[in-house]
Structure formats: C-alpha cells, structure tokens
Amino acid sequence: MPLQFIGIDPNTGDGESPTVWVDEEKNELVLQGWKADEELAAECASFEVPGHAVGIPGHEAVVRIPARMTQMIREACDALDERAHLA
C-alpha cells in the first residue's frame, strides 16, 4: 500500500503520534489517533442514522484526532481530490 505521508501532530511526544496519510492505491485517508475511551465509543455507537445499523462494526474503530491537525486533514483531502481529477 503506497502511503503518502501528510503530517504528524506537531505536539507529538513520547508515545503520542497522531498521523495523517493518504493511501494512493485505494484513494483513502489513513488516520492514526488516540483510541476513544469507552464512553466516547458508546456515544458514537448509540447514534441512529437512516440506512445504517446502530453500533460500531468489529472491523471499524473510533479514534480521536486533535483539532490542531485540521490543516493536515484538509491537505490529505485535497491530495485525494487531486488524484480523483487525474483519474
């Protein structure tokens, strides 16, 4: 999977490394963040959205990304948009 590194949390310290990549093959964002605590995961799992089952499937996860990384996420989205226009 050819990943394009976009950025890492500028406040990264030991054991802290939220990171943003773009998977160029699958045209997807890849985010590494902090695991959600049980309370947040339960809150996310409780949402009812039309056409979507309640809960979090076993192959998915809730992660937290600090707001200071918003620009990196935008950059990753722009990279995906650019790839889509080239395809």
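It should be emphasised that the depicted structure is a prediction, and the values quoted were computed from it without experimental measurement.
- Between Asn11 and Arg68 there is a side-chain heavy-atom pair separated by less than 4.5 Å.
- Panel note: side chain Thr19, backbone Ser17; a donor-acceptor pair is recorded below 3.5 Å.
- Cluster membership for Ile73 and Ile6, using ILVMFWY side-chain heavy atoms within less than 4.5 angstrom, is shared.
- By the 4.5 Å heavy-atom criterion applied to side chains, Val30 and Val22 are not counted as neighbours.
- Nearest heavy atom pair, residue Gln4 against residue Ala79, reads OE1-CB, 4.0 Å.
- Atom CD of Glu43 sits about 6.0 Å away from atom OG of Ser46, to the nearest 0.5 Å.
- Cluster annotation: Val62 is not connected to Ile65 through the hydrophobic network of ILVMFWY side chains, with a link wherever side-chain heavy atoms come within less than 4.5 Å.
- Side-chain contact check for Gln32 versus Pro18: every heavy-atom pair is 4.5 Å or farther apart.
- Under a cut-off of 6.0 angstrom, the local environment of CD in Glu60 is crowded, with over 12 non-hydrogen atoms contributed by other residues, nucleotides or ligands.
- Met69 is listed as a side-chain neighbour of Pro66, based on a closest heavy-atom distance under 4.5 Å.
- Note that CG of Leu29 and CH2 of Trp21 are 12.0 Å apart. Values are rounded to the nearest 0.5 Å.
- Within the 4.5 Å cutoff, the side chain of Val63 has no heavy atoms near those of the Lys35 side chain.
- Met72 places a side-chain heavy atom less than 4.5 Å from the side chain of Pro10.
- Using a 4.5 Å heavy-atom cutoff, the side chains of Leu3 and Glu24 are not in contact.
- Clustering ILVMFWY residues whenever any of their side-chain heavy atoms sit less than 4.5 angstrom apart, transitively, puts Ile56 in the very cluster that holds Leu40.
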